Each structure stands twice: as structure tokens, then as C-alpha cells.
Amino acid sequence: MHRTEVVMGKAVVVGGGIAGLAAAHALEKAGVECTVLEKRDFSGGRIYSVDRDGFTLDMGAQFFFSKYPATFDLMRQLGIYDRLNKFTNPVGILRDNRIYTLHLAPRENFLHPLATLKFLGIFSGRAKRDAASFMFKLFSMRNRLDFDDPAKAIDLDGISLAEYARRSFSDEFVEYFIQFLASVPTLGMPEEISAAYGMALAWYFLPGLSTTRGGIGLLARKISEGLSDLRLGTTATRIVMEGKQVRGVEIEDGGTAELIDADTVVCATLAGEAAGLLPDLPVSVSDVLSGIRYSACTQVIYAMPERPLGDLYGIATPRKEGLCLTGIIENDNKAPGYAPPGKGLVHAFTYGEFAREMLEQSDEQVLERVTGDIRKVVPRFPEPLFTEIFRWPEAVCLTSPGQTAAMQRVKAALREYKGLHLAGEYFGMGSVEAAVYSGTGAATRAVRGC
């Protein structure tokens with residue numbers, strides 16, 4: 001029988017996002033002394049919620065797909081799985097200034113056949129046939145579509161979702177189904193993500209969406225509360241190696257450098273940041289990490305005196321409609337308590353080049369553009385009680401064509417380094433699940449000394 005041995009000495013986790021928190025939780029659960037370094041003044045990274053005036057604001061990620069084994073196992077360990085709330089509200093899709101509705105859960109569409117038939121009016125006869133063909137393709141490859149193990153669909157890694165879809169489907173189907181399927185969860189374009197990732201997104205959508213009552217940030221808060229040494233506002237400047245052995249992490253402290261000695265380091269930052277923290281890695285590895293691409297998002301949140309979207313969870317706005325938004329959602333329809341009774345909580349998400357431009361614009365410029373576009377979709381959009389703007393220069397790992405194959409080479413190269421482990425969603429397909437899975441996996445390898 002294989003014997004598992006706990007790593008002796010101290011571990012440092014660089015990055016307090018969900019991958020780093022998952023790693024730290026697993027390390028401490030195994031009895032390893034652990035310090036977590038996070039440069040921001042909050043933990044959780046893109047799993048982050050705040051409360052304001054009775055509203056719960058999810059500032060980053062908005063939902064879990066309802067098939068997240070690693071994430072839900074972690075929630076069970078933390079005793080918060082019973083806080084999970086699955087929602088099946090209908091969604092709208094904008095086309096030619098009309099909104100067509102569809103339920104997120106396939107079963108609900110069978111229970112509302114008239115609404116489903118009306119939705120199908122969005123498509124021509126050719127596009128309807130494309131939809132049937134797409135679903136056949138999806139089910140035929142379902143066993144290979146795995147956020148945690150993208151190598152199962154390595155044959156679809158080298159081509160973009162857009163190119164893959166255009167080989168089989170009409171431009172209409174690509175623009176009014178494939179594009180928003182890609183853009184709503186990733187905030188990128190189908191040309192930017194691999195076909196493997198795009199098809200996996202479709203498969204993960206089918207069981208529905210979930211959040212946690214009290215905001216999606218509950219997961220990060222619960223892990224953080226249980227950690228023995230979480231240091232916020234602490235910037236790591238270098239992971240120090242001696243040959244191929246970890247020696248510690250250098251941090252900035254009051255303008256001077258300080259070394260935290262460690263036998264094990266889990267680097268759970270964004271991929272490009274990891275490359276910068278590890279200058280001793282070979283160019284073949286650092287170039288891959290530096291080349292990992294992320295979408296951007298400037299998110300605008302509106303606390304509303306009413307619920308302007310009614311019972312819709314959201315409205316997707318395909319790029320053919322010419323808006324700066326990939327979608328508008330009503331967060332109070334995700335779970336009770338996101339907004340006070342009778343009030344609404346609308347989130348709007350910019351994407352692509354629009355989002356990158358708005359990273360540099362003033363709040364006034366962003367509000368003017370985003371609110372104007374919302375009112376093209378919801379003309380009677382009332383004045384908000386307050387607004388919040390949150391900018392994410394790196395929002396979601398795009399899992400671009402070729403990324404999975406490149407990361408397989410990185411994983412092999414990293415095995416030569418003792419005490420060094422990397423974690424992040426870029427090891428899988430861009431998602432909360434891939435981040436949790438990679439963080440837990442990095443901790444497990446550290447504990448086993450492999």
C-alpha cells in the first residue's frame with residue numbers, strides 16, 4: 001500500500017484567490033503549517049462579495065455551474081453545502097430589439113412548451129436544424145468535457161470555438177447561440193476560446209446554475225476564517241529557489257525585502273504573475289505562463305427601487321446587436337436576500353474591447369455608456385438607488401486554442417522542482433471549479449512530496 005507522508009516544515013501559498021485558499025485549506029487540514037500571502041486587502045480573488053445598504057453585491061464571479069465536484073466537496077467540508085441555492089429562472093436573448101425567453105434548465109422548457117416554441121422563433125429553419133445537430137454533437141462528446149481535466153478533449157484544443165462551429169453551422173447560429181454561449185460566462189469571444197472549452201461550457205450549462213445564500217463570496221470567507229495565517233495587503237516579489245529546490249518567498253515590507261523561509265510554496269497567482277515571481281524557470285515554461293490570456297470586465301452594479309427584469313435571471317445581448325454588454329442580470333432572482341424586499345439588483349457586464357477601453361475611462365463615462373445601452377434593452381430602466389463599478393483587468397482565463405497542450409508541457413517541467421507547486425484555473429478550463437481543483441491538487445502533491 002502506498003504510504004502518504006506529510007511534508008515537514010512550513011508552506012507558503014502566494015495568492016489568496018480561490019485556488020490559493022483551497023490549497024491552504026487542504027494543507028492545514030493535513031497538518032502543515034501554512035502562511036497565505038494576498039496583495040489585495042480582501043481574500044477570494046474573483047470570488048468576492050460585499051454588503052451595502054441591505055444589498056449583497058457579487059463583485060466577481062456570479063454563479064457556480066451545478067456540476068462542480070471539487071467545489072461542492074470543499075463546501076461540504078466547510079459545512080456550507082446546505083447554503084447552495086440552485087436557480088432555474090428564465091433568461092432572455094435580445095434579437096432585433098425583441099427579447100426571446102428560455103429557461104436555463106432543459107426540463108423547464110418541456111414544462112413551458114409555448115414559451116419554448118416562441119423562443120425558437122429567434123431562429124430560421126436552418127438554424128433550428130443547427131441547434132439539433134449541436135445538441136447531438138454535445139451529447140456524443142459529453143464524457144470528454146471536463147473543466148478539471150481538459151486533456152480529455154485535447155483533439156479540440158488547437159482550434160477556436162468560432163472556427164469549429166463555422167465548419168458545421170450557419171453564421172446565424174454562431175452569432176445568436178455560440179457567441180453568447182461563449183461570451184456570457186467568459187466575457188471573451190468565441191474566436192478567443194478553444195473549441196474544447198466552448199463545448200464544455202455548453203455541457204456544464206445543462207444542469208443549471210447555483211449560488212450560495214449570502215453571496216458567492218461565502219465560500220472564500222468561510223475558508224479564510226479557518227486559516228491560521230492569512231496576510232492581506234502583502235506583496236510577494238519573488239519565489240526564491242536554490243537550484244531546483246524552493247527556499248522561500250521574498251515579500252515587500254515597508255520598502256524593504258523580507259524572506260519567508262519555506263520548504264513548500266504553492267504559487268496560486270494569475271499565470272503571468274507566476275512567471276514574474278519565478279525568474280529561475282526555463283524560458284519554455286515562463287513563456288507559456290506569460291502567454292495565458294484572460295478576458296477583461298468593467299462591471300456596473302445598480303441597486304434598484306424595483307426589479308426591472310421581472311422574473312428573468314438575465315438578458316443576453318449578442319454582439320450583432322451592437323451593445324457594449326454581454327448581458328444584464330437580476331441578482332435577486334438567484335437566491336433570496338440579495339436585495340431587500342421589493343427592490344432589485346441589476347449587474348451589467350462589459351466585455352471584449354469595450355471592457356478593455358472602460359478600464360481606463362472615468363466612472364462617469366462608464367455609467368453613461370452602460371446605462372445608455374441598458375435602456376436600449378429595458379427602456380423603462382429606473383434611476384438606481386446607488387451604483388458600484390468594479391474593474392477586472394483579468395476576469396476569466398480564456399482557455400485559448402493550444403493552452404491545454406502547452407500546459408501539459410508545463411506540468412511535466414514542474415515535476416523537476418522540489419517544493420514548488422502552481423495552482424490556478426489555467427491548469428483546467430477557466431472556472432471556479434478548475435481553480436478549486438488545481439489548488440486542492442497542488443496541496444495534495446505537496447503533502448505527498450511529489
Side-chain angles (χ1 to χ4, degrees), residues 46-50 52 55-66 85-94 99-105 108 179-188 201 204-205 208-217 295 297-319 321 323-340 343-352 354-355 358 366-367 370-371 373-378 380-382 384-390 392 395-396 431-432:
R46 288 158 287 170
I47 308 297
Y48 176 48
S49 302
V50 299
R52 177 177 171 184
F55 294 84
T56 297
L57 315 180
D58 287 340
M59 309 300 279
Q62 298 296 307
F63 55 78
F64 302 125
F65 287 108
S66 293
N85 191 81
K86 185 174 180 178
F87 54 97
T88 59
N89 298 67
V91 295
I93 299 172
L94 182 70
I99 297 172
Y100 298 80
T101 61
L102 184 73
H103 282 79
L104 286 172
E108 293 295 319
Q179 184 266 314
F180 81 79
L181 172 70
S183 297
V184 168
T186 73
L187 302 166
L201 286 168
Y204 275 75
F205 258 119
L209 307 178
S210 303
T211 187
T212 46
R213 293 188 295 277
I216 205 165
S295 60
C297 182
T298 299
Q299 179 185 178
V300 183
I301 303 172
Y302 301 83
M304 305 300 292
E306 58 188 64
R307 296 167 67 181
L309 302 190
D311 69 341
L312 291 179
Y313 166 56
I315 301 172
T317 54
R319 61 185 174 187
E321 300 302 309
L323 306 181
C324 68
L325 308 171
T326 184
I328 312 160
I329 66 172
E330 170 51 73
N331 259 20
D332 195 47
N333 284 329
K334 295 197 302 188
Y338 266 88
K343 302 295 193 295
L345 183 60
V346 173
H347 289 230
F349 302 91
T350 64
Y351 71 124
F354 297 114
M358 290 183 189
V366 170
L367 274 174
V370 171
T371 306
D373 275 6
I374 289 175
R375 287 186 170 136
K376 293 176 183 177
V377 182
V378 186
R380 295 183 180 179
F381 192 74
L385 302 172
F386 66 81
T387 60
E388 289 273 0
I389 297 175
F390 207 92
W392 292 101
V396 180
S431 59
V432 174

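These numbers come from a predicted model, not from an experiment. Numbering starts at 1 and runs along the sequence shown.
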> How about Phe205 and Pro185: do any of their side-chain heavy atoms sit closer than 4.5 Å?
Replying inline: yes
> Checking Thr350 side chain against Cys297 main chain: does a donor-acceptor pair fall under 3.5 Å?
Replying inline: no
> Considering all heavy atoms of both residues, which atom of Asp58 and which atom of Ser49 are nearest to each other, and what is their separation?
Replying inline: OD1-OG, 2.6 Å
>> Under the rule for ring pair (Phe, Tyr, Trp, His ring centres under 6.0 Å), what residues qualify as partners of Phe63, not counting sequence neighbours?
In response: Phe65
> Can you list the residues that meet the side-chain hydrogen bond (donor to acceptor under 3.5 Å, both in side chains) rule with Arg52, with sequence neighbours excluded?
Replying inline: Glu388
> Do Thr326 and Phe180 touch side chain to side chain, with heavy atoms closer than 4.5 Å?
Replying inline: no
> Which heavy atom in Leu309 sits nearest to a heavy atom in Ile328, and how many Å separate them?
Replying inline: CD1-O, 4.0 Å
>> Could you check whether any side-chain N or O of Ser295 sits under 3.5 Å from a backbone N or O of Val396, counting only pairs where one atom can act as donor and the other as acceptor?
In response: yes
> Between Leu345 and Glu330, is any pair of side-chain heavy atoms under 4.5 Å apart?
Replying inline: yes
>> Any donor-acceptor pair under 3.5 Å linking the side-chain atoms of Asn85 with those of Thr211?
In response: no
> Taking only residues two or more places apart in sequence or in another chain, which ones pass side-chain hydrogen bond (donor to acceptor under 3.5 Å, both in side chains) with Thr56?
Replying inline: Asp51
> Counting distance only, does the side-chain N/O of Arg213 pair as donor-acceptor with the main-chain N or O of Pro336 below 3.5 Å?
Replying inline: no
>> Can you give me the closest heavy-atom contact between Thr212 and Tyr338, atom names plus distance?
In response: O-OH, 3.9 Å
>> List the residues meeting ring pair (Phe, Tyr, Trp, His ring centres under 6.0 Å) with Tyr351, not counting sequence neighbours, and say none if there are none.
In response: none
> What do the steps show when you test Leu94 against Leu323 for side-chain contact (heavy atoms from CB on, under 4.5 Å), and what is the final call?
Replying inline: CA-CA 11 Å; Leu94 182 70; Leu323 306 181; 4.0 Å; yes
> So do Leu312 and Val91 actually touch side chain to side chain, heavy atoms under 4.5 Å?
Replying inline: no
> Below 4.5 Å, heavy atoms only, C-beta onward: do Met304 and Pro382 meet side chain to side chain?
Replying inline: yes
>> A side-chain contact here means heavy atoms from C-beta on lying under 4.5 Å apart; do Val346 and Phe381 qualify?
In response: yes
>> I'd like to check the ring pair (Phe, Tyr, Trp, His ring centres under 6.0 Å) partners of Phe349; sequence neighbours left out, ordered by chain and number.
In response: none
>> Would you say that Lys334 contacts Gln62 through its side chain, given a criterion of any heavy-atom pair below 4.5 Å between the two side chains?
In response: yes
> Hey, are the side chains of Phe55 and Ile301 touching, using non-hydrogen atoms and a 4.5 Å cut-off?
Replying inline: no
> What are the two closest heavy atoms between Ile216 and Ala61, and how far apart are they?
Replying inline: CG2-O, 3.3 Å
> Can you name the nearest heavy-atom pair linking Pro305 to Pro384, along with the distance?
Replying inline: CD-CA, 4.4 Å
>> So, using side-chain hydrogen bond (donor to acceptor under 3.5 Å, both in side chains) as the criterion, who are the partners of Thr186 when residues are at least two apart?
In response: none
